[in-house]
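Just the heavy atoms: all of them, side chains too, but no hydrogens, waters or symmetry mates, feed the values below. Order of the sequence lines fixes the chain letters, A, B, ..., with proteins taken first and strands second; residue numbering starts at 1 for each chain.
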Amino acid sequence: MSYIPVTSSEQEQMLAAIGVGSVDELFADIPQEMRLNRPLALPQAMTEAELMRHCRQLAGQNISSDQIVSFLGAGLYDHHIPAAVAHLVGRSDFYTAYTPYQAEVSQGSLQAIYEYQTLICLLTGMDVANASVYDAATAIVEAIAIARSVTRRGQVIFADDVHPDHTAVARTYSKGQGWRVKTLETGGGQIEISSLEESLGQDTAAVVLSQPNFLGGIIDLKAVADVVHQAGALLIVCVNPVLLSVLASPGECGADIVVGEGQPLGNPLSFGGPTLGFFAAKAQYLRRLPGRIVGRTTDCDGRVGYVLTLQAREQHIRRQRASSNICSNQALNALAAAVYLALLGPRGLKEVAEHSIQKAHYLAEQLTQKGLGDLALAGPYGNEFVFRPKADLDMIWSNSLNAGYLPGLRLDQVPQLPPSLGESVRGGLLMAVTEKRTRAELDGLVSLWEELSERG
Amino acid sequence: MSYIPVTSSEQEQMLAAIGVGSVDELFADIPQEMRLNRPLALPQAMTEAELMRHCRQLAGQNISSDQIVSFLGAGLYDHHIPAAVAHLVGRSDFYTAYTPYQAEVSQGSLQAIYEYQTLICLLTGMDVANASVYDAATAIVEAIAIARSVTRRGQVIFADDVHPDHTAVARTYSKGQGWRVKTLETGGGQIEISSLEESLGQDTAAVVLSQPNFLGGIIDLKAVADVVHQAGALLIVCVNPVLLSVLASPGECGADIVVGEGQPLGNPLSFGGPTLGFFAAKAQYLRRLPGRIVGRTTDCDGRVGYVLTLQAREQHIRRQRASSNICSNQALNALAAAVYLALLGPRGLKEVAEHSIQKAHYLAEQLTQKGLGDLALAGPYGNEFVFRPKADLDMIWSNSLNAGYLPGLRLDQVPQLPPSLGESVRGGLLMAVTEKRTRAELDGLVSLWEELSERG
Amino acid sequence: MNVADQYFPTIFELSEPEKSGYQLPDLDVPVHELTELIPSPLLRTKPLPLPELTEPEVVRHYTGLSRRNHAVDVGFYPLGSCTMKYNPKVNEDIASLPGFASVHPYQPEETVQGMLQLIHSLEQMLCEISGLQACTLQPAAGAHGELTGLFIIQAYHKDRGEGNERTQIIVPDSAHGTNPASAAMCGYEVVEVPSDDRGGIDVAALRQLVGPKTAGLMLTNPNTLGLFDENTQVIADVVHEAGGLLYYDGANANAILGISRPGDMGFDIVHFNLHKTFSTPHGGGGPGSGPICVSDDLEKFLPVPRTICTETDYRLKYDYPKSIGKVKNYYGNIGVAVRAYAYILSMGPEGLRRVSETAVLNANYVLARLKGAFSVPFDRFCKHEFVLSGKKQAALGARTIDMAKRMLDYGVHAPTIYFPLVVEEALMVEPTETESKRTLDQFSEIMLQIAKEAEENPELLQNAPHTTVVRRLDETKAARKPDVRYSGRKSDG
Amino acid sequence: MNVADQYFPTIFELSEPEKSGYQLPDLDVPVHELTELIPSPLLRTKPLPLPELTEPEVVRHYTGLSRRNHAVDVGFYPLGSCTMKYNPKVNEDIASLPGFASVHPYQPEETVQGMLQLIHSLEQMLCEISGLQACTLQPAAGAHGELTGLFIIQAYHKDRGEGNERTQIIVPDSAHGTNPASAAMCGYEVVEVPSDDRGGIDVAALRQLVGPKTAGLMLTNPNTLGLFDENTQVIADVVHEAGGLLYYDGANANAILGISRPGDMGFDIVHFNLHKTFSTPHGGGGPGSGPICVSDDLEKFLPVPRTICTETDYRLKYDYPKSIGKVKNYYGNIGVAVRAYAYILSMGPEGLRRVSETAVLNANYVLARLKGAFSVPFDRFCKHEFVLSGKKQAALGARTIDMAKRMLDYGVHAPTIYFPLVVEEALMVEPTETESKRTLDQFSEIMLQIAKEAEENPELLQNAPHTTVVRRLDETKAARKPDVRYSGRKSDG
Ligand SMILES: Cc1ncc(COP(=O)(O)O)c(C=O)c1O
Ligand SMILES: Cc1ncc(COP(=O)(O)O)c(C=O)c1O
């Protein structure tokens, strides 16, 4: 067995040292009734070459983003990932390490996380950040836990244009944890202050908004924070980190907790995971943050070094009174995000955002100017928008796929889209554009659709 | 520029420190007539994403060995390379190092080479080995240089079944260096002792044989060595390292210098390069070996360590009196070979050889039993043989390619195949089989050819 | 002057205006002023203060950092409860195939049939390994699996009309911290059951604790002492009879693959840590993956979407009215699942059994070698890990933390320390099956040497480590004056 | 007890019978006894004595070894004449695309059109950069390029009927060792021409040396002192007038990209080291690639096959009757060429010029900072590298070797030392353009610190390095009693 280095003669020596005659004796404490007295019904072992062949074949049954011109976004974006990211994250000194419990031999991971935390603070305009949580959705529920415990209130307002997966996850947790989700109807546009004020109540622990919203719209956060705070609630904002390079930072806008999906920062799509949830907050919430935090300190000789800190918040110390149950997080994805940000720097990240935005607007203009349909929403957007084609959606859809285009997300097929939102975007396609899309590809899609609409 | 970390303001500071006003002044010693007063006529710079796209597209115009069932060998073989090889060789701590000139900070490379040298000795049955040369062909000419200097003779006998590229390289060197190549006709079969004896003369410095020969045939080396030595010449054998796991070692057989193409040991085909030439010899030639050699020693505290040694042989010390001009070698390919051997071990390597041999014989049997043609040569072979199809070769060839088979090497299209050899294999296909080929693939080719011969 | 002494600057200190390690092609579409597209009040006013570096600098920074890490590929890592086994390289290659890594979760199902097939097959394989009937890959890690399982327990009781009554989750005092934390996060009252003198659950105490309030019991088995609970059957019966469900924390499943199945032990819900038992790398803290398997009865509560196999293809199905809903975006940490799938296929049924047999053999071997020098709280054969107590050494002045730090000087990682809480000065050692006897012997000798040092020279241990890139770090200072983001001060910690 | 002190066992010492890190599927064809297929006298009788290890052990061994290396990705590597620039990661990815890495050289041309196009384009780009007209990628490294060039010089003279007369190659005393070694390997008599007091060729001496025996002159320009030969034009004329050819050793081409071209300087043959100038990694000693470019007149002598572009496709052509033949199997180190191709495309014409400008700027900056402390043999602006003499320090008891070893303590690689031979106690520093000012400043300060140490405490240097995994190694012992293969002795060196 190429992964098990104990030979049969060594096994004999080891059994002798233990003082038993067979490995089986070591399992004597497992009662016979609980034993599996047959081999597991699993496929027979494959050699590496067979395995690779099998997996290549499976992988070959999926169309990867290199093989199709994709306009799918909806929370995960197909940005170019610089080659260096995979090379660095792929160093096994990083990826075969555990959580840095023994700090003195884990300075690499620890410093990298400390730097990551700093990068997230800089990006969001917040004071402190943790070492990552699972994803944006669980980041939101962790943020809500803070809000509930700070405010001791039990209701949370979700804008209806928050990613439906995030809201769905929140609903699951809310049921389990006994708090209530209230929906704020936006119709995909700006938050109306009056309706927000109406929604806010004595029991509102937090308001959860998304910037941009699920439909790509950019909302005015500044107007919102004061209202939320006046009601004694916390403002939780879920952001697209790439767009933060051009948008007013949520910190500036008065958010209390900023979370988001870190995938766009140098992480592959991976069919939706692993990605990472980043988590940043105002300084006053530091000791309430979920999960791991790295701090800078010194050693007994005065050298700078890094450790996991404030562990008294965490489950392995505080157990049922911990700020969260999270243990393993998404460290390697956070590392990728840090490497990505370090490579791009402020200019690079801004260019990625600007190119994506400009190209999205070019595509939207082309599509509308050519009379192929209209945008479902009137407000400003970033690199994603809802387009309602005039022609039959099914027809466009299948023809585009056949021609090598994945034209976006069909909103009619999104499970759990809030009805208030569904209404305004009926028949729409959520189309995302990244810097990877070339003008030729955009023009290609437009001409294809022109052709189709002439034909159909 | 993402690879040049000097900013314009730093440039100013540096120029000031140097005491010049512009970078141009630093080039004042290059006369104006010798300057290029226009930009180089090269394509404009591509960004990483553009470059990747362009190169993917170029790569996509080549059919890789994963995309076709290949029976091409002829010196380079498509064996399975365990995943771990690329991961280890791909550690930049190895691949971005230079030749280990500063031993104390290069113990990784040095110990790895020392181990590689040992592995090559074990594999070939020889006493000493160097750190690699460019390839098998240049290994042969380096071996000849030793033979010439040891014997002070000027003629070298090449069996006509040595790889034609090797012989071609030797001819180039012989012209430049003023020695003579004499051909020993074998017809692709065993070395006839009588004709060998006839060929050997007062001026014969060495006899160069190949095991197996270019046509896959396995030759009896034991019979040869004595005869060569009696004539005062050296026996140089070029071997396939994988087959050495089942064949009598050339050391045992009395070879003086053993060289070979190391590609089959864990190196990708890479359109023929980079691969590596390995080089092993009897102990008495240690101080005549070309290129680098690593030796084990101790440091001032008695710790074991490794250094480049016997450098007095090398060009940077001995200059025109060096044993060779080689400087850079194929270190990383040698590392891959070492990792491959370490992973496979004696059993693994033997299995690779045996599977390849058994499958080759199965294919040959099937092809001949089905009456599709015959083997050009009668002698024993390993994993490669010359098959002469009954049907029209052009027809078979193009139909096989279309069906996803690369049925081997057309010997009628090999430039510089010695006429004596060409005669015996006229119309033949040199077909190699590795452990990667499945029975289904072998049977597939056979049925295809059956079909074709019925049709045509 | 020692290289190890050199301050390793943060990436922020390497920044220089103008630099970037990234370039985009010129924008090839007509450009608008950004303010024409997005009202300027919504736009950033201050420049983004990220560091500016070129690619060579970034590469050198992170390569340097990586060499300041211990890791499985670097040396022995006997961190108890973490199953730091070897992470096969081929699995990394497979996971990075574009057909797996560059696939969007919202692609039409017909464009991801290979992915869905893989997910479905892995779910089935995990069911077979667990002895249960249905599976979801959605939870992102073990703790997340626990939470998901607890949501299901809640849903189950609610469905039976007992949602309000069953408010307690029973957890052994030896349990991992995530167990009570997950239960609390789910709104449950956590009731702790003590261990008995064999290291298992005190069954008499358990009988006292169960009742109409009991929603369920969470058990790690073998438990965090590395011991299989000899009363598993009784425990299961007691809890089931009281109307509770049994949750199996599969963090320790490396001891039982192909030997015994939680389903056959009587458990209703199991999570696996793919990043432990199924060889996916820990990534320096994550990502993990914590799929759960459940019994037939509980299947209807599993999160959506579920991956189903129709006669013609694979589909994602949302229509499960009793489902707890979603616990994570999209479908889980699928990239991790791909590696686990590859691992199971490369091991096969015999291989997996050999994994557990060898893991248990290795642990017992090291235990046998160390028994004489350290206090052993429970004198039984262990399973895949064992817990020592450092109290003998602590009495001499060398606490467990000191011994752990000393191990770093010898080039091995320390075991898990001070856990489980039920053992004084605990040292929890899990060798895993991917370590050779040679390594186990070396480790044993290091431990024995340290035990000797504890007798002869406890200060040596108190001041350890001596040879690492930094020496013992001041955790108290870190917690008292938290510095959790770089703020421009150079090297004053 | 220091980890660094631990003996790092050889792979042979880790071997244990039975183990393997590799598995094959069962053989699925009917099996013969091997002796039925191959007569037993031809078969191995003794088992192959290779080491036996599993994959985790192999991975840990080589990972551990790799961490005992300095490398460009780890730190500054100012090894003169070696152009240790950053190796872009994307080029590694490109070279490992299966369409490049898994292609057999004997595939039919129609199945490798992308490969042939790449080769042809790279040849053309190198021609443009060199200012010459035809190119081959066949030579495997710089020295091999030299040899190939010399074969061509031979063929040229022979073709003109002067093959027997022109027996001498002139080489400057500052030349790299490969130059005379290649000439000798080619059967030439090597004639050395001295340097003048500006560091260039002594033109008067050259005039004395040329004549009817002159086959050619080999020149590195900028030369190994990092100096551009101010008399290049005269030198070219003198050699050409004598009927000789001019060979340009392009190892130092990093100084002239887009600024000056060897062809325009009058050279007839140029080799490039793709593994220096064109950023392909050195691999710990290789593989390299040493393409040569030649003038129109010499094209006919280039090795075969050549890659040609027809109207419809790319082809390999063998039919060049005057060709010197082949110098290497197949077509050269194409995997290296792929990286160089990617590099040139990513830099573009302006980028390449900036490479050389910055390489020269960086070198002059460090030179300016070190001038005061070290003896500078030629007081001129350097090009991409410069040579210091350590004679001042040597007089104090700290020889260049001592200073070099001391640098290792500071975490940087040492410069090339004792080369070129024309400078006493030479230290040859080549920073390259991929280093930041910060790194150059750090290096300068280290050098100045060492110069100070040399004055104050030369023993510190004589005993250096102090902090590396091994300390100064005994090279004399290594050469006197060569141990070049492991023979089973554990750790007695
Ligand atoms: C026994 C036990 N349960 C649960 C967990 C939590 O698993 P995760 O870190 O994947 O959330 C761990 C992790 O160490 C564990 O050891
Ligand atoms: C000036 C000079 N010429 C030639 C060479 C030889 O190049 P290679 O090592 O590629 O054979 C070198 C290598 O260091 C060199 O510096």
Asks: Taking B:Gln320 for its side chain and D:Ala184 for its backbone only, find out whether a donor-acceptor pair lies under 3.5 Å.
Replies: no
Asks: Chain D heavy atoms under 4.5 Å from B:Ile317: which part of the residue, side chain, backbone, both or neither?
Replies: neither
Asks: Rounded at 0.5 Å granularity, tell me how far OG1 in D:Thr10 sits from CZ in B:Arg296.
Replies: 6.0 Å
Asks: If we only count heavy atoms from C-beta on, is the D:Glu475 to B:Thr309 side-chain gap below 4.5 Å?
Replies: no
Asks: When you measure from the side chain of B:Asn62 to the backbone N and O of D:Gly114, does any donor-acceptor pair fall under 3.5 Å?
Replies: yes
Asks: Taking every heavy-atom pair that is under 4.5 Å apart, which of B:Ser132, B:Ala168, B:Pro415 has the most such pairs with chain D?
Replies: B:Pro415
Asks: Report yes or no: does D:Asn69 contribute a side-chain atom to a donor-acceptor pair with the main-chain N or O of B:Ser109 at less than 3.5 Å?
Replies: yes
Asks: Where does B:Ala312 contact chain D at under 4.5 Å (heavy atoms): side chain, backbone, both or neither?
Replies: neither
Asks: So what's closer than 4.5 Å to chain D heavy atoms on B:Leu409: side chain, backbone, both or neither?
Replies: side chain
Asks: Is it the side chain or the backbone of B:Glu314 that comes within 4.5 Å of chain D heavy atoms, both, or neither?
Replies: neither
Asks: So which of D:Asp93, D:Ile256, D:Thr232, D:Asp264 has the largest heavy-atom pair count under 4.5 angstrom toward chain B?
Replies: D:Thr232
Asks: Is the shortest side-chain heavy-atom distance between B:Leu72 and D:Pro105 below 4.5 Å?
Replies: no
Asks: So which part of B:Asp301 gets closer than 4.5 Å to some heavy atom of chain D, the side chain, the backbone, both or neither?
Replies: side chain
Asks: Please round to the nearest 0.5 Å and tell me the distance separating atom OG of D:Ser260 and atom CD1 of B:Ile30.
Replies: 5.0 Å
Asks: Any non-hydrogen side-chain atom of B:Gln358 less than 4.5 Å from a side-chain atom of D:Leu37?
Replies: yes
Asks: Using non-hydrogen atoms only, which part of B:Asn329 is less than 4.5 Å away from chain D: side chain, backbone, both, or neither?
Replies: both
Asks: We want to know whether B:Tyr95 and D:Asp73 form a side-chain donor-acceptor pair, criterion being a heavy-atom distance below 3.5 angstrom.
Replies: no
Asks: Who wins among D:Tyr77, D:Tyr86, D:Tyr318, D:Tyr62 for the most heavy-atom pairs under 4.5 Å with chain B?
Replies: D:Tyr62
Asks: Please identify, among D:Gly288, D:Gly348, D:Ala342, D:Gly286, the residue contributing the most non-hydrogen atom pairs under 4.5 Å to chain B.
Replies: D:Gly286
Asks: Look at the side chain of B:Thr172 and the backbone N and O of D:Lys326, then say whether any donor-acceptor pair between them is shorter than 3.5 Å.
Replies: yes
Asks: I'd like to know if the side chain of B:Gln107 and the backbone of D:Arg68 have a donor-acceptor N/O pair within less than 3.5 Å.
Replies: no
Asks: If you round to the nearest 0.5 Å, how far is CG of B:Leu42 from CZ of D:Arg353?
Replies: 13.0 Å
Asks: Would you say that B:Glu115 contacts D:Phe12 through its side chain, given a criterion of any heavy-atom pair below 4.5 Å between the two side chains?
Replies: yes
Asks: Among B:Pro380, B:Gly272, B:Ser70, which has the most heavy-atom pairs under 4.5 Å with chain D?
Replies: B:Gly272
Asks: Between B:Lys222 and chain D, which part of the residue has a heavy atom less than 4.5 Å away: side chain, backbone, both or neither?
Replies: side chain
Asks: Where on B:Ile293 is there a heavy atom nearer than 4.5 Å to chain D: the side chain, the backbone, both, or neither?
Replies: side chain
Asks: Working to the nearest 0.5 angstrom, can you tell me the gap between D:Glu357 CD and B:Gln11 CD?
Replies: 7.5 Å
Asks: Where on B:Leu335 is there a heavy atom nearer than 4.5 Å to chain D: the side chain, the backbone, both, or neither?
Replies: side chain
Asks: At a 4.5 Å cut-off on heavy atoms, which part of B:Glu435 comes close to chain D: side chain, backbone, both, or neither?
Replies: side chain
Asks: Measuring from D:Arg44:CZ to B:Ser249:OG, what's the distance to the nearest 0.5 Å?
Replies: 5.5 Å
Asks: Are the side chains of B:Leu406 and D:His104 in touch, meaning some heavy atoms are under 4.5 Å apart?
Replies: no
Asks: Where does B:His87 contact chain D at under 4.5 Å (heavy atoms): side chain, backbone, both or neither?
Replies: neither
Asks: With a 4.5 angstrom heavy-atom cut-off, could you sort out which part of B:Val339 is near chain D: side chain, backbone, both or neither?
Replies: both
Asks: Between B:Tyr3 and D:Val90, which heavy-atom pair has the shortest distance, and what is it?
Replies: OH-CG1, 3.7 Å
Asks: Under 3.5 Å, side chain of B:Asn325 to main-chain N/O of D:Ala181, donor-acceptor pair present?
Replies: no
Asks: Locate the shortest heavy-atom distance separating D:Val484 from B:Tyr114; write the atom from each residue and the value.
Replies: C-CE1, 3.6 Å
Asks: Is there side-chain contact between D:Tyr365 and B:Val6, with at least one heavy-atom pair below 4.5 Å?
Replies: no
Asks: Side chain to side chain contact (heavy atoms under 4.5 Å, CB included), that's the test. Do D:Leu65 and B:Phe94 meet it? Break it down for me.
Replies: CA-CA 9 Å; D:Leu65 281 181; B:Phe94 282 131; 4.0 Å; yes
Asks: Hey, does the side chain of D:Gln107 reach the backbone of B:Ile63 with a donor-acceptor pair shorter than 3.5 angstrom?
Replies: yes
Asks: Does the B:Arg91 side chain pair with the main chain of D:Ser66, one donor and one acceptor, at a distance under 3.5 Å?
Replies: no
Asks: Please determine, among B:Val23, B:Val128, B:Leu88, the option with the most heavy-atom pairs under 4.5 Å with chain D.
Replies: B:Leu88
Asks: Determine yes or no for a side-chain-to-main-chain donor-acceptor pair under 3.5 angstrom, with D:Ser20 supplying the side chain and B:Gly345 the backbone.
Replies: no
Asks: Does D:Asp474 offer a backbone N or O that forms a donor-acceptor pair with the side chain of B:Thr297 under 3.5 Å?
Replies: yes
Asks: Find out whether B:Cys300 and D:Asn463 are in side-chain contact, i.e. whether some heavy atom of one side chain is under 4.5 Å from a heavy atom of the other.
Replies: no
Asks: With a 4.5 Å cut-off on heavy-atom pairs, point out which of D:Gly21, D:Gly99, D:Ala478, D:Gly285 contacts chain B the most.
Replies: D:Gly285
Asks: Give me the one residue out of D:Arg472, D:Lys405, D:Arg471 that meets salt bridge (charged side-chain N to carboxylate O under 4.0 Å, His left out) with B:Glu104.
Replies: D:Lys405
Asks: Looking at chain D, which one of B:Gly176, B:Gly295, B:Pro268 has the largest number of heavy-atom pairs inside 4.5 Å, strictly under?
Replies: B:Gly176
Asks: As an exercise: rank D:Cys186, D:Pro180, D:Pro281, D:Ala368 by heavy-atom pairs under 4.5 Å with chain B and give me the winner.
Replies: D:Pro180
Asks: What are the two closest heavy atoms between B:Asp93 and D:Ala71, and how far apart are they?
Replies: O-CB, 3.6 Å
Asks: Let's test your reading of the structure: which of D:Gly325, D:Gly187, D:Ala141, D:Gly258 forms the most heavy-atom pairs below 4.5 Å with chain B?
Replies: D:Gly258
Asks: Assess whether atom NZ of D:Lys437 is packed by more than 12 heavy atoms of other residues, nucleotides or ligands within 6.0 Å.
Replies: yes
Asks: At a 4.5 Å cut-off on heavy atoms, which part of B:His166 comes close to chain D: side chain, backbone, both, or neither?
Replies: both
Asks: Would a 4.5 Å heavy-atom cut-off, applied to side chains only, mark B:Ile4 and D:Met347 as touching?
Replies: yes
Asks: If you measure from CG on B:Leu119 to CZ on D:Arg485, what distance do you get to the nearest 0.5 Å?
Replies: 10.0 Å
Asks: For each of B:Phe27, B:Tyr134, B:Tyr306, B:Phe271, tally heavy-atom pairs with chain D at distances under 4.5 Å, and name the one with the top tally.
Replies: B:Phe271
Asks: Between B:Gly178, B:Pro100, B:Ala74, B:Ala322, who has the most heavy-atom pairs with chain D when the cutoff is under 4.5 Å?
Replies: B:Ala74
Asks: So for B:Val20, is it side chain, backbone, both, or neither that comes closer than 4.5 Å to the heavy atoms of chain D?
Replies: side chain
